[in-house]
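Report on the structure given below.
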Protein chains: 2
Amino acid sequence: MVLPRAARTQRRTRIQGEKEERILEAALEVFSANGFRGSTVDQIAEVAGMSKPNLLYYFRTKEAMHRALIDRVLDTWLDPLREFNAEGNPVAEIRSYIRRKLEMARDYPRESRLFANEVLQGAPHIEDELKGPLKSLVDEKAEVIRAWAKAGKIAKCDPYHLIFAIWSTTQHYADFDVQVRAVLGQGNAGDGRFEDAARFLERLFVDGLQVSEQPAA
Amino acid sequence: MVLPRAARTQRRTRIQGEKEERILEAALEVFSANGFRGSTVDQIAEVAGMSKPNLLYYFRTKEAMHRALIDRVLDTWLDPLREFNAEGNPVAEIRSYIRRKLEMARDYPRESRLFANEVLQGAPHIEDELKGPLKSLVDEKAEVIRAWAKAGKIAKCDPYHLIFAIWSTTQHYADFDVQVRAVLGQGNAGDGRFEDAARFLERLFVDGLQVSEQPAA
DNA sequence: TGATAATTTGACCGGTTGGTAAACATTACA
DNA sequence: TGTAATGTTTACCAACCGGTCAAATTATCA
């Protein structure tokens with residue numbers, strides 16, 4: 001009998017695991033490049049190297065694929081923020097958070113674009129995730145930053161806007177990659193660009209632009 | 001005889017001006033919310049309050065509408081950067097550039113999202129604009145910033161990454177509005193949020209986060 | 001091995017999409 | 001006012017879309 005995936009209670013087959021993996025990988029490729037409405041099931045099937053009905057045997061709808069993809073990716077996407085450590089040295093923590101986020105933008109640009117596409121179009125599929133787990137985590141870390149500021153360890157500032165600023169500056173390199181490349185010219189390959197950006201952002205967030213008496217250590 | 005818009009050589013009718021205006025306004029509404037592929041001509045026609053064939057009488061294809069919209073909007077979008085003045089006080093210039101960009105994000109979020117959608121999906125329709133007028137303008141202003149840094153008026157930094165940082169932090173409030181609202185909670189209305197963001201960003205770009213001996217003036 | 005369950009496929013369906021054809025209505029202007 | 005150009009609408013089409021179905025194929029394991 002044909003039992004679609006969602007209704008199965010038995011333990012999962014070897015083939016199931018492999019195919020679902022391939023499908024989600026293909027879905028990430030396609031969704032991140034075209035957004036949800038701009039992607040077609042046929043495209044995903046082609047990238048996954050299987051027929052459309054076969055794909056729909058594992059995920060009954062396009063939405064189900066998208067949902068599964070979001071669920072799987074959101075956790076890892078928030079990892080850098082989770083590592084944010086209240087006990088550490090504040091400036092060093094912020095610096096390494098920036099670097100981790102920048103590494104994610106470099107190593108997982110598709111994941112970044114997947115979320116960017118979704119949020120940009122009003123987050124119709126992930127509203128709950130934004131208001132739930134995301135907000136909770138940000139609230140928690142914002143409290144840490146607020147405490148640092150209160151203790152005079154960093155400048156007084158709105159912690160939420162600080163987090164937004166780190167998100168936007170780092171993810172910019174993944175989400176707006178085409179624009180960055182167009183402006184910088186083709187010459188700048190990946191790794192030099194990455195180091196330039198990292199150096200600039202760490203400096204910006206720590207010292208700002210004003211000329212300071214104490215030059216960078 | 002029916003002469004489609006592109007082939008017309010006569011001067012434009014009163015009706016032409018009015019209708020094309022309404023269409024581009026509607027197209028901005030729809031394209032900015034759904035992206036190019038996610039938008040339908042019927043949607044745009046409905047928002048514009050006219051029938052689809054009537055709309056297609058003024059713009060023969062969906063692409064033509066999109067192209068016309070981009071052309072019209074790009075210029076105004078780059079205005080804040082054009083105002084960037086080499087003669088002014090560097091820190092004050094950067095500060096007011098940030099504020100102007102933030103005002104644009106507040107007052108013209110649809111324009112911001114239109115570009116964000118386009119760039120995010122690889123800028124298939126505006127590659128030339130990015131590599132041409134956009135790059136030229138950025139190159140010019142980057143040179144100004146570089147001169148400021150060389151003269152010791154601001155900290156030494158990569159001017160391109162500085163511009164990217166200003167773009168990303170400010171446009172974030174338009175492009176990722178849903179996320180910002182989800183994280184900050186519904187309470188924060190538009191104007192308070194705007195002032196908070198402006199205050200934070202001006203402070204960040206000027207002084208950074210490190211505690212400084214001289215508190216903000 | 002054989003039978004049962006899991007997987008894969010080609011053909012297909014109804015709805016939507018961008019766009020067209022041609023008849024009809026309105027405007028501009030001599 | 002007449003008429004030619006401009007503007008608008010109804011009906012329509014072919015391509016594409018997400019998804020179904022039943023038949024065919026393959027894997028599993030008693």
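Throughout, a chain's letter reflects where its sequence line sits, starting with A, and its residues are numbered from 1. Any value given below was found using the heavy atoms of this structure, including those in side chains, with hydrogens, waters and symmetry copies removed.
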For the side chain of B:Tyr57, starting at C-beta, report the closest nucleotide among D:dG7, C:dG19, D:dG18. D:dG7
For the pair A:Phe84 and A:Tyr97, name the ring-plane relationship: parallel under 30°, tilted 30 to 60°, perpendicular over 60°. perpendicular
So for B:Lys52 and C:dG19, does any side-chain atom that can act as donor or acceptor lie under 3.5 Å from a complementary atom in the base? yes
Using a cut-off of 6.0 Å, state whether more than 12 heavy atoms not belonging to B:Glu103 lie near its atom CD. yes
Output the rounded distance in Å from CZ (A:Arg60) to P (D:dT20). 8 Å
Against the side chain of A:Asn54, the closest entry in D:dT20, C:dT8, D:dG7 is C:dT8
Take atom CD of A:Glu46 and atom P of C:dT8, then tell me their distance rounded to the nearest Å. 18 Å
For a quick test of reading the model, state the closest non-hydrogen atom pair linking A:Lys101 to A:Pro80 and the distance between them. CD-CB, 4.2 Å
Minimum-distance nucleotide to B:Tyr58 side chain [options: D:dC17, D:dG19, D:dG7]: D:dG7
Euclidean distance, atom CZ of residue A:Phe59 to atom C1' of D:dG18 [Å, nearest integer]: 16 Å
How close or far is atom C1' of D:dT20 from atom CG of A:Leu55, stated in whole angstroms? 15 Å
Separation of C:dG15 C1' from B:Asp42 CG (nearest whole Å): 12 Å
Round to a whole Å and report the spacing from NE2 of A:His66 to P of D:dG18. 13 Å
Could you check which of D:dG18, C:dT20, C:dT9 has an atom nearest any side-chain atom of B:Pro53? C:dT20
Toward the 5' end of DNA chain D, which comes first, B:Lys19 or B:Arg37, by nearest nucleotide? B:Lys19
Given atom CG of B:Asn34 and atom P of C:dT17, what is their separation to the nearest angstrom? 11 Å
Over 60° means perpendicular and under 30° means parallel, so tell me whether B:Phe31 and B:Phe36 are parallel, tilted or perpendicular. parallel
Can you check the B:Glu18 CD to D:dG7 P distance for me, whole Å? 11 Å
Which is true for B:Ser51 with a 4.0 Å heavy-atom rule: it touches a base, it touches only sugar-phosphate, or it touches nothing? base
Could you label the plane-to-plane angle of the B:His172 and B:Phe176 rings as parallel, tilted or perpendicular, counting under 30° as parallel and over 60° as perpendicular? parallel
